[in-house]
Amino acid sequence: MPPTRLFYALWPAPALADTLATWATQARPHSQGRPMRTETLHMTLAFLGSVEKEIADELIDATPYHRLQPGTVTLDRYGVFTRPGILWAGPERTPDSLQASHDGLWLWLSAFGFVPPAQPFRPHVTLLRNIERNDPPADAPPPLTWHYDRMVLVASESTDGGSRYRVVARSKPQP
Ligand code: 2AM
């Protein structure tokens, strides 16, 4: 089995994903680019890259037992990462609880040999890829409140039609 490309993410409930898709639609005349499919919208907490099958299996088994610290994040702005050329939705300021969820996850992942990234956590939901402008639209839609209590482990598979995401494990929500 080849290594699997894995990442941990918060996955929005369908209603929230639908609203996020309208953010993409609203930004498109300004930014151009290719919208993410609604069912693929997510916020990455930890990108692991290619993982050997043995470790991937360990993560799949262990993920239900990682208690993600629950919290709330308010998406209230558009932003741009110019190098990959994406437009995203994200919080103006990273909530302490979300930062703690991220840090706690990476601490847990260190037991599997993963090393946290050197760059600071920039929480975002990618809405458009291959954008044609370096500035985000000036005005975002009304803020979106996202309550989360679990994370998912996702395998990213390359297909002829682009990346396909497959949820391979879920943490258990806090009681
Ligand atoms: P992006 O949306 O900002 O591109 C699957 O590719 C997920 O992992 C996406 O959310 C993607 O973020 C993220 N991702 C891909 N490569 C990454 C990297 N080198 N560092 C951090 N996140 C990455």
Side-chain angles (χ1 to χ4, degrees), residues 2-14 16-17 19-28 31-52 55-56 59-60 63 66 68 71 73 75-94 98-99 101-110 112-137 140 144 146 148 150-171:
T4 316
R5 201 175 133 101
L6 293 177
F7 63 98
Y8 280 100
L10 303 178
W11 216 266
L16 182 59
T19 308
L20 277 165
T22 68
W23 281 49
T25 306
Q26 186 162 323
R28 193 122 183 265
S31 303
Q32 307 299 320
R34 176 171 56 82
M36 295 279 289
R37 278 175 290 121
T38 305
E39 66 274 18
T40 66
L41 295 169
H42 64 273
M43 179 182 286
T44 294
L45 287 178
F47 178 75
L48 305 181
S50 288
V51 176
E52 293 297 334
I55 305 289
L59 290 174
I60 289 169
T63 296
H66 176 66
L68 185 80
V73 56
L75 308 178
D76 53 7
R77 61 167 293 200
Y78 286 123
V80 157
F81 292 153
T82 49
R83 231 187 13 196
I86 64 171
L87 177 95
W88 48 262
E92 188 61 45
R93 185 189 150 274
T94 303
L98 182 61
Q99 185 70 49
S101 304
H102 166 273
D103 296 351
L105 173 58
W106 275 108
L107 191 61
W108 181 77
L109 283 167
S110 65
F112 297 88
F114 293 100
V115 179
Q119 324 81 284
F121 178 39
R122 296 287 309 275
H124 66 280
V125 178
T126 296
L127 301 173
L128 300 172
R129 294 197 182 277
N130 306 116
I131 57 171
E132 292 177 14
R133 284 180 66 149
N134 287 340
D135 60 325
L144 275 179
W146 185 350
Y148 58 86
R150 72 193 312 189
M151 61 177 192
V152 292
L153 176 61
V154 185
S156 171
E157 294 157 348
S158 289
T159 68
D160 293 344
S163 289
R164 200 177 79 92
Y165 297 149
R166 188 164 54 91
V167 172
V168 293
R170 292 181 166 81
S171 67

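All figures in this text were calculated on a predicted structure; none of them were measured in a lab. Both counts, for ligands and for their atoms, begin at 1 and track the order of listing.
Residue-level contacts of ligand 1 at the 4.0 Å heavy-atom threshold are Arg5, Phe7, His42, Thr44, Phe47, Ile86, His124, Thr126, Arg129, Tyr165.
Classification of the Phe121-His102 ring pair by plane angle, with boundaries at 30° and 60°, yields parallel. Taking the six-membered ring for Trp and thresholds of 30 and 60 degrees, Trp108 and Tyr8 have ring planes more than 60 degrees apart, a perpendicular arrangement.
By the side-chain hydrogen bond (donor to acceptor under 3.5 Å, both in side chains) test, Arg129 pairs with no residue at all, sequence neighbours left out.
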**Message:** side chain to side chain contact (heavy atoms under 4.5 Å, CB included), that's the test. Do Arg5 and Val51 meet it? Break it down for me.
**Reply:** CA-CA 6 Å; Arg5 201 175 133 101; Val51 176; over 6 Å; no

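In this structure the side chain of Glu39 never reaches within 4.5 angstrom of the side chain of Trp11, judged on heavy atoms.
Ring centroids of Trp106 and Phe114 are separated by 6.0 Å or more, keeping the two rings apart.
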